[in-house]
S.K.: 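Right, I'll just put the structure down here and ask away after.
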Amino acid sequence: MNSNELFERSLKVAPGGVHSPVRAFKSVGGHPLFFKESQGASLTSVEGDTYIDFCQSFGPMLLGHRDPDVTHALHKVVDTAWCLGTCEPYSLALAEWVVQRLSFIEKIRFVNSGTEAVMSALRVARAATGREKILKFDGCYHGHVDSMLVRSGSGLAGEASSDSLGVGESTAKNTLVAPLDDEEAVTKIFQQYGHQMAAVIFEPMPANYGLLQQRPDFWKHVIQLARQHGALVIFDEVISGFRVALGGMAEVLNETPDLVTYGKIIGGGLNVGAFGGRAALMDLVAPLGGVYQAGTLSANPLSMVAGLETLKKIEQLKIYPALEQRTSAWVEKVNHQLKENDVSMRMDHFGSLFWLRTWTEKPIRSLKDIPKTHGENFKKFFHKALHEKLYFAPSGYEVGFLSWAHTEDILNLALEKLERISKSWHE
Ligand SMILES: *Cc1c(COP(=O)(O)O)cnc(C)c1O
C-alpha cells in the first residue's frame, strides 16, 4: 500500500486521518506521506524512499532517531519492566539526574505530555497564590489545555478570546494575552490585572509559531513586573529545555523561574512531560499538598530510561557547542544559496533550532512581523524539498531541528539538494 492509499483508509477511522493535526499536511496541501522507519537523520517512507529529516518528530530527538545507546537501554528495560504503577528506581534516577544539574529544579514530577505539564504547573501557581488569572503571550504555544487555547480578544488590552471550538468564553476569561516584544503592552496589562495574576507563562525561546527570538531585555521586563506584582514566573521549556543548553533558556538567560515545564527531549522520544521548580511550590502537589495531580502511566520505565539515556549521552558528548557550530555553518551556507538565487526566504537559528521564513528587513519577533506571503512561500519550498527527499515539518510556522545524527556529510548532501531548490525557484 502506498501513502495515498493508507491516507484514504486513515480518513475513515481518524478525524482528518491523523492523531495530531499538523501531520495532515493541511497548511502545505497535498496528501501526507506515511513513514515506516526512522534512523539517525533519516526517515523511510512506506514507498521505500529515504528522506533527510529536519522535523525530528517536532523536537524530542536531539540525538536523532533511534540512537544506538538509547535503543540498547530500551531493549534492556523492555526485558525487565514496562509499566509498574508502583514506586520504582527508573524515575528516581531521572529525577535525581535533573535535580543535581539544574539549580532551579529542586523537585520534579513526571507526567505524560507537555500539555499535562503545563496544565499541572498552572494549577500549582493558582494554588500557591490564591489567584486565578494567567498571562500568556500571542505567539507562544503551551499545548492544548483549555485555558491556553486562547488569543488576544478584540476588546481591552490583555483580554482573551477562545481560540478553539469547545473552549468556552468563561475559560478564556481567566487567561490574559499580551503581544511579544512589546514592553508597553505588558506593563499596561500588569497595571490593570497584576494583583489578580497567579502566573505569567511563556516560551523563553518561542518556537511554535516560527522562531520568534525575543530581546533578553523584554523577558527581563516581564519577569520584573511579575515579581513586583507577586505573580509566579513559569518557563515553558517543553521545546527549549535540554535543546538550547542543558539548563534550557533558564541557563541561557541566567534567570530563575519559579516553575518550569518540560517534555520532548526529557523522554528521548517516548511519551513524557514534567514540571518542576522550587521545593516549596512543588510540595503543594499531592500527596504532600492539596493540589491534585496523578497519572496511571506517569513515569513509566520505558520513557524514564529513554530520557535518562538521552540526557546522559548529551552530557557525556558535550554536544551543545559542536551542534551549535554545525548548525550555524550550515544555516550560513543555506542563506548564501537563497540570496544568490534571489529566493525571498532566509533561515534563522538559535542553537540547533532553525526556522526557514520569508525574508524581511527587520528581525521577526512577534506574529505581526511575519509577512502575509509566508504561508505560500513555504508551501512552494516544502513540495520542492519533498521532491528532493528532504523532510521539513509540514507547516511554515513550525521550526526545524538539527540532531546530533545530522553529520557534516548529511548536511552537505542536504545543501546540494537545497541548492537545486534555490536554483529552480523562479522557473
Ligand atoms: C510541544 C510543546 C507543548 C506541548 O507538548 P505535548 O507533549 O505536545 O503535549 C507545550 N509547550 C511547548 C513550548 C511545546 O513546544
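Atoms within a ligand are numbered from 1 in the order they appear, just like the ligands themselves.
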S.K.: Show me which atoms of ligand 1 lie under 4.0 Å from any heavy atom of Asn208.
M.R.: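 Selected atoms, number and element: 12 (C), 13 (C), 14 (C), 15 (O).
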
S.K.: From Leu102 CG over to Glu251 CD, what is the distance, rounded to the nearest 0.5 angstrom?
M.R.: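 Leu102 atom CG to Glu251 atom CD measures 8.0 Å (nearest 0.5 Å).
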
S.K.: Run the ring-centre check on Tyr209 versus Trp355 and record whether the distance is less than 6.0 Å.
M.R.: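 No.
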
S.K.: Considering only the protein, which heavy-atom contact is closest to atom 2 (C) of ligand 1, and what is its distance?
M.R.: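 Atom 2 (C) of ligand 1 sits closest to the protein heavy atom Lys264 NZ, 2.7 Å.
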
S.K.: Classify the contact between Glu237 and ligand 1 as side chain, backbone, both or neither, using a heavy-atom distance cut-off of under 4.0 Å.
M.R.: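 It is neither part, as no heavy atom is under 4.0 Å.
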
S.K.: Among protein heavy atoms, which sits nearest to atom 7 (O) of ligand 1, and what does the distance come to when rounded to 0.1 Å?
M.R.: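 For this ligand atom, the closest protein heavy atom is Gly114 N, 2.8 Å.
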
S.K.: Pick one: which of Leu180, Ile223, Leu135 meets side chain to side chain contact (heavy atoms under 4.5 Å, CB included) with Phe202?
M.R.: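 Exactly one candidate clears the test, Ile223.
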
S.K.: How far is atom 11 (N) of ligand 1 from its nearest protein heavy atom, and which residue and atom name does that atom have?
M.R.: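 The closest one turns out to be Asp236 OD2, 2.7 Å.
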
S.K.: Classify the contact between Val118 and ligand 1 as side chain, backbone, both or neither, using a heavy-atom distance cut-off of under 4.0 Å.
M.R.: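 Neither part.
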
S.K.: Looking at Trp404, is Arg326 sitting on its ring face, NZ or CZ under 6.0 Å from the six-membered ring centre and within 45 degrees of the normal?
M.R.: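 Judged by the rule (NZ or CZ under 6.0 Å from the ring centre, within 45° of its axis), Arg326 counts as positioned above Trp404.
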
S.K.: Can you tell me which residue and heavy atom of the protein come closest to atom 3 (C) of ligand 1, and the distance to 0.1 Å?
M.R.: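 Of every protein heavy atom, Val238 CG1, 3.7 Å lies nearest to atom 3 (C) of ligand 1.
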
S.K.: Contact between Glu398 and Cys55 at the side-chain level, heavy atoms closer than 4.5 Å - yes or no?
M.R.: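 A side-chain contact under 4.5 Å is absent here.
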
S.K.: Answer with side chain, backbone, both or neither: which part of Glu203 has a heavy atom less than 4.0 angstrom from an atom of ligand 1?
M.R.: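 For Glu203, only side-chain atoms sit under 4.0 Å from ligand 1.
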
S.K.: Against heavy atoms of Ser113, which atoms of ligand 1 measure under 4.0 Å?
M.R.: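 Result: 7 (O), 9 (O).
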
S.K.: Quick test of your reading of the model: are Asp53 and Lys389 salt-bridged, counting only N-O distances below 4.0 Å?
M.R.: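 Salt bridge absent between Asp53 and Lys389.
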
S.K.: If you have a sec, work out which protein heavy atom is nearest atom 8 (O) of ligand 1 and how many Å separate them, to one decimal?
M.R.: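 Going atom by atom, the protein heavy atom closest to atom 8 (O) of ligand 1 ends up being Thr115 OG1, 4.5 Å.
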
S.K.: Under 4.5 Å between any side-chain heavy atoms of Met249 and Met205, yes or no?
M.R.: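 A side-chain contact exists here, since the closest heavy-atom pair is under 4.5 Å.
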
